[in-house]
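All chains are named by letter (A, B, ...) in the order of the sequence lines, taking the proteins before the strands, and each is independently numbered beginning at 1.
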There are 2 protein chains.
Amino acid sequence: MPRPSTPLLSPDRIRSVALAIIDRDGLDGLSMRKLAASLGVQAASLYGHVRTKDQLLNDIASSVLSAVDVSGFSVDWREGLIRCARSYRAALSTHPNIVPFLAYGPAGRDESLQRLDLLHGALVDAGWSRREATMIAAGLMYIVFGSALSSFSSGFSSDPADYTDRYPHLDRAHLLPGVARELDRDSFELALAAFVRGL
Amino acid sequence: MPRPSTPLLSPDRIRSVALAIIDRDGLDGLSMRKLAASLGVQAASLYGHVRTKDQLLNDIASSVLSAVDVSGFSVDWREGLIRCARSYRAALSTHPNIVPFLAYGPAGRDESLQRLDLLHGALVDAGWSRREATMIAAGLMYIVFGSALSSFSSGFSSDPADYTDRYPHLDRAHLLPGVARELDRDSFELALAAFVRGL
DNA sequence: CCGACTAACCGAACAGTGTTAGGTTAACCC
DNA sequence: GGGTTAACCTAACACTGTTCGGTTAGTCGG
């Protein structure tokens with residue numbers, strides 16, 4: 001197939017299909033050939049629209065993070081922190097399979113930095129020193145990313161026999177998969193509340 | 001080369017060389033062929049001692065996590081939480097390049113579960129409900145893993161020009177790489193202290 | 001002492017990966 | 001209408017984890 005009358009590919013379409021594959025099959029489930037097939041195209045054609053796979057993932061990550069809301073600081077800084085953390089986590093948990101990628105490389109994404117800049121500025125305006133503001137923002141990110149990884153409550157076996165013998169205090173851990181989502185959210189809220197209260 | 005007089009390979013030696021490669025070249029820098037070459041051997045030979053690469057990484061992860069100290073709960077639960085979190089983070093930051101692997105899959109490693117069991121039991125003994133104990137343990141892990149990922153303060157550019165124009169509040173961010181380690185540790189301590197105090 | 005057996009390694013291969021080079025043709029512009 | 005470019009293709013490269021079948025050194029039973 002030579003040049004088609006209407007283009008089959010566009011950066012947007014590539015990104016959105018790629019994200020759908022990641023959501024469905026996980027981060028490892030995305031390969032350039034599979035992505036191309038989903039788009040009705042050969043793998044090499046993607047490179048006319050996308051520089052590398054890594055760049056594609058970065059772009060997808062940025063688009064996911066664009067949903068983070070840092071508008072809550074007009075009320076007060078505690079409320080701002082909480083809203084920011086919640087929306088950040090919400091964005092990440094909508095596409096949990098891309099979190100390992102975010103956790104991988106440096107945070108030099110433009111979207112991240114812009115939000116960080118706002119956060120930092122708001123904390124300084126509220127009276128914290130620059131250094132304190134940096135540490136508070138970092139602490140907030142720790143909780144957000146830690147909870148988004150959710151390598152915690154997910155990934156537990158659902159077979160009671162896996163626990164009763166070897167881990168006496170985890171004898172109800174097999175119930176976790178069923179309530180994992182809810183428990184993860186409550187754990188996040190607990191950690192967030194404790195952190196902000198403790199500042 | 002057929003069977004050598006003294007074996008060249010052992011699971012221990014494989015693990016330790018693999019970990020050294022990961023520490024030096026990152027998680028992506030470890031391939032079975034490269035590992036084999038470092039051991040003076042062909043790649044296929046590794047599979048007589050190691051089931052899969054994934055299993056190898058799991059074993060390495062377990063050995064790294066074996067340094068986590070959960071003995072502090074004999075004093076009181078706050079002290080126990082803090083000590084556990086500190087030693088956990090220390091273990092992870094000694095081999096930061098393996099953290100993305102930990103963050104990837106489920107936490108079904110035996111080492112993790114044993115420590116989690118102790119932690120959970122100690123919190124319940126201290127009067128927390130089972131559910132609360134689970135959430136507190138989760139929150140602690142959020143902070144530990146979030147800070148260990150350190151996709152935060154690391155990964156900043158050291159060129160001031162990257163920030164001054166676009167991110168007015170981050171005009172000193174170029175100083176970060178130089179003090180990143182210290183700042184990361186302080187951020188972790190702040191988050192940990194705030195979290196435990198806020199409980 | 002000698003044969004059987006096993007343990008430890010190797011070479012070659014398979015299916016998969018990201019990526020690039022070079023070719024073909026449709027659409028667009030002058 | 002001819003030249004240029006954009007969008008796709010096929011084929012290949014160098015790599016990945018892993019497996020199969022061989023080759024030989026060490027070990028153990030008779």
Side-chain angles (χ1 to χ4, degrees), chain A residues 1-62 97-98 100-102 104-106, chain B residues 1-62 97-98 100-102 104-106:
Chain A
M1 184 206 308
R3 178 173 185 183
S5 42
T6 66
L8 301 170
L9 263 35
S10 77
D12 270 356
R13 204 165 104 78
I14 293 175
R15 275 195 290 268
S16 93
V17 171
L19 182 53
I21 293 178
I22 290 173
D23 286 342
R24 178 163 44 86
D25 302 339
L27 198 54
D28 289 340
L30 178 74
S31 77
M32 296 303 268
R33 284 174 177 80
K34 189 161 154 187
L35 171 57
S38 291
L39 289 157
V41 136
Q42 293 298 113
S45 311
L46 298 171
Y47 289 85
H49 305 263
V50 159
R51 216 158 50 81
T52 65
K53 184 188 186 185
D54 209 68
Q55 184 59 53
L56 172 61
L57 287 173
N58 264 298
D59 291 347
I60 293 172
S62 286
N97 291 340
I98 208 170
F101 174 78
L102 292 178
Y104 219 102
Chain B
M1 185 204 307
R3 179 173 186 183
S5 40
T6 65
L8 301 170
L9 263 36
S10 76
D12 270 358
R13 205 164 102 78
I14 293 175
R15 275 195 290 268
S16 92
V17 171
L19 182 54
I21 292 177
I22 290 173
D23 286 343
R24 179 162 43 87
D25 303 340
L27 197 54
D28 289 339
L30 178 74
S31 77
M32 297 303 268
R33 284 174 176 83
K34 189 162 155 188
L35 171 57
S38 292
L39 289 157
V41 135
Q42 294 298 113
S45 312
L46 297 171
Y47 288 85
H49 305 263
V50 159
R51 218 158 48 82
T52 64
K53 184 188 185 184
D54 210 67
Q55 184 59 53
L56 172 61
L57 287 173
N58 264 296
D59 292 346
I60 293 171
S62 285
N97 291 339
I98 207 170
F101 173 77
L102 292 177
Y104 219 101

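- In this structure the side chain of D59(B) never reaches within 4.5 angstrom of the side chain of V50(B), judged on heavy atoms.
- Between I22(A) and L57(A), some side-chain heavy-atom pair lies under the 4.5 Å cut-off.
- Atom NE2 of residue H49(B) and atom CG of residue L56(B) lie 12.5 Å apart, to the nearest 0.5 angstrom.
- Counting only heavy atoms from C-beta outward, the side chains of L30(B) and F101(B) never approach each other to under 4.5 Å.
- A heavy atom lying under 4.0 Å from DNA chain C marks the following residues of residues 46-54 of chain A, by number: Y47(A), T52(A), K53(A).
- I21(A) contributes atom CD1, which lies 12.0 Å from atom CG of L27(A) (distance to the nearest 0.5 angstrom).
- In this structure, the CG atom of L39(B) is 15 Å from the P atom of dA8(C), given to the nearest Å.
- When side chains are defined from C-beta on, V41(A) does not count as touching L35(A), because their heavy atoms never get closer than 4.5 Å.
- A heavy atom lying under 4.0 Å from DNA chain C marks the following residues of residues 18-32 of chain A, by number: L30(A), S31(A), M32(A).
- Atom CG of N97(A) is separated from atom CZ of R24(A) by 11.0 Å, given to the nearest 0.5 angstrom.
- Residue Q42(B) has a polar side-chain atom (N or O) positioned under 4.0 Å from OP1 or OP2 of dG11(C).
- Between dC8(D), dC10(C), dT10(D), one nucleotide has an atom nearer to the side chain of S45(A) than all others, and that is dC8(D).
- L57(A) has its CG atom 14 Å from the P atom of dT17(C), to the nearest Å.
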Next item on the list: Applying side-chain contact (heavy atoms from CB on, under 4.5 Å), run through D23(B) and L19(B) and close with a yes or a no.
Entry: CA-CA 6 Å; D23(B) 286 343; L19(B) 182 54; 4.0 Å; yes
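- Listed here is the closest heavy atom pair of A43(A) and R33(A): CB-CG, 3.7 Å.
- At least one donor-acceptor pair closer than 3.5 Å links the side chain of S38(B) to the backbone N or O of K34(B).
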Give me the distances for all protein-to-nucleotides 11-14 of chain D N/O pairs that come in under 3.5 Å?
unit_1: dA12(D); atom_1: N6; unit_2: R33(A); atom_2: NH2; d: 3.3

